[in-house]
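So the structure is just underneath, and the comments pick up after that.
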Amino acid sequence: MTAQQDGRPVIGVPAESLTGERRVALVPRVVERLPAMGLDVVVEAGAGRPALIPDSAFVAAGASIGDPWSADVVVKVNPPTEAEIGKLASGSVLIGFLAPLTEPDNVERLRSAGVTGFAMESIPRISRAQSMDALSSQANVAGYRAVLLGASESTRFLPMLTTAAGTVKPAAALVLGAGVAGLQALATAKRLGARATGYDVRPEVADQVRSVGAKWLDLGIEATGEGGYARELGADESAEQSRRLTAAISEFDLVITTALVPGRPAPRLVSAEAVERMRPGSVVVDLAGATGGNCELSEPGRTVVVHDVTIAAPLNLPASMPEHASELYARNVHALLELLVVEGRLAPDFSDEVLAASCVTRREES
């Protein structure tokens, strides 16, 4: 008798199809908690292999290996392809990064398929939803990895070194954007011995920058927005910010950019002139490559050298650390499932602000 015949909701975990993706939506440590919620788990064969999790680990945690697409709830990392949407059962639930602002056609396909979709990126940034905030968990990974990438591309040490041959001064690192990724980048750069400085158009985050041991770069331009994000700058503000940043950037050996505006192209913070002014051997790591890049000279998905400055614009840094990135994401999914499942059955309460905000398409009951 299958789990569905038993009346227990089934959670399906498919393999991610995006090229280069190594994360998986659930990990064994989380899977083993789900039976106590009245849930069964079906994992697609090989789904965890890119994250170095064998099928046997999922089975030992209580999952079965099989077809995840017919499950009551399918959990993914990346937005589904059109072909994957076609595999979903009408009346099922899909959880994942669904890109509702940038891929609205996908949301419409889910609606037409009768699928209720919960977008992890739409979880509101409120205190009670912190455990479900996948944007933050994955941004932590990206911020950490960005500094390691910058250090590996740099021609200079990050820390100060005192040797018999003399003393090497520490590198100066500037992080543009003091959200979760930016703060993690600042903390990591500081731990590696760099002189870390943070900048953001939201002046209220200055204390957070200082709390990780970094200095605050004050350019005198403020743009506090809603939901913890910066608002988009006006044309005059943007031009003045560019002028002041261009002058400041030349003093740094490593620049990491993390500035994003939801649903809009990334703001341009590092001009071609700023890159030209940087010392040869300096590095720019642009974490906004997927939405056009914060650096004027970035080529999304590539690492290039311009004016003897290395510019890296990786598209999916969390996937480069699949073990911990998957574990953190799985915990986020588990926290959301705890809202969706009541006494062993799927019973989402859409009056709950978390579910209301994250639900991007809902199957209407007949």
Side-chain angles (χ1 to χ4, degrees), residues 3-4 8-18 21-51 53 55 57-59 61-81 84-85 87-89 91-100 106-107 110 113 115-123 129 131-135 137-138 318-319 322-323 325-341 344-348 354-355 358-363:
Q4 285 177 305
R8 292 164 61 91
V10 177
I11 309 300
V13 185
E16 295 295 322
S17 58
L18 181 68
E21 181 58 75
R22 297 182 62 193
R23 292 171 291 178
V24 62
L26 289 180
V27 299
R29 286 185 181 180
V30 170
V31 168
E32 63 188 12
R33 302 178 192 173
L34 299 183
M37 296 172 58
L39 303 173
D40 290 327
V41 181
V42 176
V43 179
E44 184 175 354
R49 191 174 300 128
I53 304 173
D55 290 347
F58 283 109
V59 172
S64 60
I65 304 301
D67 174 22
W69 296 103
S70 59
D72 302 288
V73 180
V74 174
V75 293
K76 287 187 88 280
V77 178
N78 296 291
T81 64
E84 288 172 339
I85 292 174
K87 298 178 184 179
L88 292 166
S92 64
V93 172
L94 177 66
I95 296 173
F97 286 119
L98 304 184
N106 246 10
V107 174
L110 289 171
V115 174
T116 297
F118 291 94
M120 296 300 288
E121 62 266 64
S122 297
I123 297 286
S131 61
M132 309 167 212
D133 189 351
L135 280 178
S137 75
Q138 302 307 290
E323 181 179 348
S326 296
E327 184 175 333
L328 292 171
Y329 183 77
R331 291 177 187 174
N332 299 142
V333 171
H334 177 250
L336 182 58
L337 286 173
E338 288 184 315
L339 276 187
L340 292 173
V341 178
R345 62 187 182 88
L346 286 173
V354 174
L355 297 184
S358 58
C359 183
V360 295
T361 175
R362 178 179 173 186
R363 180 177 183 269

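Values below: every heavy atom of this structure, side chains too, minus hydrogens, waters and symmetry copies.
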- Message: Let's go through Leu340 and Leu355 carefully: what are the C-alpha distance in whole Å and the side-chain angles of both, what is the deciding distance for side-chain contact (heavy atoms from CB on, under 4.5 Å) to 0.1 Å, and is it a yes or a no?
- Response: CA-CA 8 Å; Leu340 292 173; Leu355 297 184; 3.7 Å; yes
Backbone N or O of [Y] within a donor-acceptor pair of the [X] side chain at under 3.5 Å?
| X | Y | result |
| --- | --- | --- |
| Glu121 | Leu135 | no |
| Glu16 | Val77 | yes |
| Asp40 | Val10 | no |
| Asn332 | Ser131 | yes |
| Gln138 | Ala325 | yes |
| Glu44 | Ala15 | yes |

Nearest 0.5 Å please: distance from the [atom1] atom of [X] over to the [atom2] atom of [Y].
| X | Y | atom1 | atom2 | answer |
| --- | --- | --- | --- | --- |
| Glu84 | Ser17 | CD | OG | 3.5 Å |
| Lys87 | Thr81 | NZ | OG1 | 7.0 Å |
| Arg8 | Arg345 | CZ | CZ | 15.0 Å |
| Lys76 | Ile95 | NZ | CD1 | 12.5 Å |
| His334 | Leu339 | NE2 | CG | 11.0 Å |
| Met132 | Leu337 | CE | CG | 10.0 Å |

Mind listing the closest non-hydrogen atom pair of [X] and [Y] along with its distance?
| X | Y | value |
| --- | --- | --- |
| Pro14 | Gly12 | CD-O, 3.6 Å |
| Val13 | Pro68 | N-CB, 3.4 Å |
| Pro79 | Asn106 | CB-ND2, 4.0 Å |
| Pro50 | Pro322 | O-CG, 4.0 Å |
| Val42 | Ile65 | CG1-C, 4.5 Å |
| Ser122 | Ser358 | CB-CA, 3.8 Å |

- Does the side chain of Pro318 come within less than 4.5 Å of Arg23's, by heavy atoms?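 Arg23 reaches Pro318 side chain to side chain.
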- Item | Evaluation steps, side-chain contact (heavy atoms from CB on, under 4.5 Å), between Ile123 and Phe118 | CA-CA 9 Å; Ile123 297 286; Phe118 291 94; over 6 Å; no
Give every donor-acceptor pair under 3.5 Å between a side-chain atom in residues 24-38 and any protein atom, sequence neighbours left out.
none

- Does the side-chain contact (heavy atoms from CB on, under 4.5 Å) test come out yes or no for Leu346 and Val341, once each step is laid out? CA-CA 5 Å; Leu346 286 173; Val341 178; 3.9 Å; yes
- Message: Please evaluate residues Leu98 and Leu110 with respect to the criterion side-chain contact (heavy atoms from CB on, under 4.5 Å), reporting the C-alpha separation (whole Å), side-chain torsions for both, the decisive distance (0.1 Å), and the verdict.
- Response: CA-CA 10 Å; Leu98 304 184; Leu110 289 171; 4.3 Å; yes
